[in-house]
Amino acid sequence: KQEVTQIPAALSVPEGENLVLNCSFTDSAIYNLQWFRQDPGKGLTSLLLIQSSQREQTSGRLNASLDKSSGRSTLYIAASQPGDSATYLCAVRMDSNYQLIWGAGTKLIIKP
Amino acid sequence: DVKVTQSSRYLVKRTGEKVFLECVQDMDHENMFWYRQDPGLGLRLIYFSYDVKMKEKGDIPEGYSVSREKKERFSLILESASTNQTSMYLCASSLIGSGRGHNEQFFGPGTRLTVL
């Protein structure tokens, strides 16, 4: 059974730093992996989707990588800003169905 | 841009009431999903639908039903609301296929339901 883990559960860094969020999964037979951002009390915003055949995706200051063989994805945030403070969730979709399997999220705080 | 809307941001209902949560998407997506999100439990899938009138149970369907009469609309129904259904409910949609942007799930703003 696929399990998705995000460590750490919470992270606090000063503004301007580059940082990496981690997502690991136990079964490498994934169809894709998606990173989301959630602000308190709000819905989820899709940040990046990486297909299983891809190594990375970039959007602005965000870069997501995927290493299926080691069961890992990272979300790199460059030059962090206070507005980046949110909970970041990763989710994998397996080959076999449409469901997403979710990590518990990393709560990120960027200190001004 | 994909837009997923939910009928209410906040809802307060009494135990035993029948509750309807509505979700509408404007991008002709085939797949639609209902999740609930609770502290410490993360997101859990209640039901999803891959076509009109089609539905599949997720991980926690008990106490819920769904309806998809039109492609753009997916309704979640609590037949008899209970206090343990107090939660944040999130709707999502995605496009089937293998091209760019396909299978990416887009979420609505959420409905925070309180059952008294």
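Chain A is the first sequence line, chain B the second, and so forth, proteins listed ahead of strands; every chain is numbered from 1.
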Rounded to the nearest 0.5 Å, what separates atom [atom1] in [X] from atom [atom2] in [Y]?
X        : Y       : atom1 : atom2 : value
B/Ser94  : A/Arg93 : OG    : CZ    : 7.5 Å
A/Leu100 : B/Tyr35 : CG    : OH    : 4.0 Å
A/Trp102 : B/Asp59 : CH2   : CG    : 12.5 Å
B/Leu43  : A/Leu89 : CG    : CG    : 6.5 Å

For this session: Evaluate the side-chain proximity of A/Gln51 to B/Glu104: yes if any heavy-atom separation is below 4.5 Å, no if none is.
Result: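 No, their side chains stay 4.5 Å or more apart.
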Is it true that, when you exclude [X] itself, more than 12 heavy atoms of the residues, nucleotides or ligands shown sit nearer than 6.0 Å to its [atom1]?
X       : atom1 : result
B/Lys71 : NZ    : yes
A/Lys68 : NZ    : yes
B/Arg44 : CZ    : yes
A/Glu3  : CD    : no

Exercise. Where does B/Arg9 contact chain A at under 4.5 Å (heavy atoms): side chain, backbone, both or neither?
Worked result: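 Side chain of B/Arg9 only, per the 4.5 Å heavy-atom cut-off to chain A.
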Exercise. Closest approach of B/Phe107 and A/Leu44, non-hydrogen atoms and distance?
Worked result: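 Minimum heavy-atom contact is CB-O, 3.3 Å.
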Report yes or no: do [X] and [Y] belong to one cluster of Ile/Leu/Val/Met/Phe/Trp/Tyr joined by side chain heavy-atom distances under 4.5 Å?
X       : Y       : result
A/Trp35 : A/Val13 : yes
A/Leu48 : A/Val4  : yes
B/Tyr64 : B/Phe74 : yes

Exercise. Picking from B/Asn31, B/Leu45, B/Leu41, which has the most non-hydrogen pairs under 4.5 angstrom with chain A?
Worked result: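 When all of B/Asn31, B/Leu45, B/Leu41 are compared, B/Asn31 has the most.
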Exercise. Relative to chain A, which of B/Gln105, B/Arg112, B/Met88 shows the most heavy atom pairs under 4.5 Å?
Worked result: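 Of the options given, most contacts go to B/Gln105.
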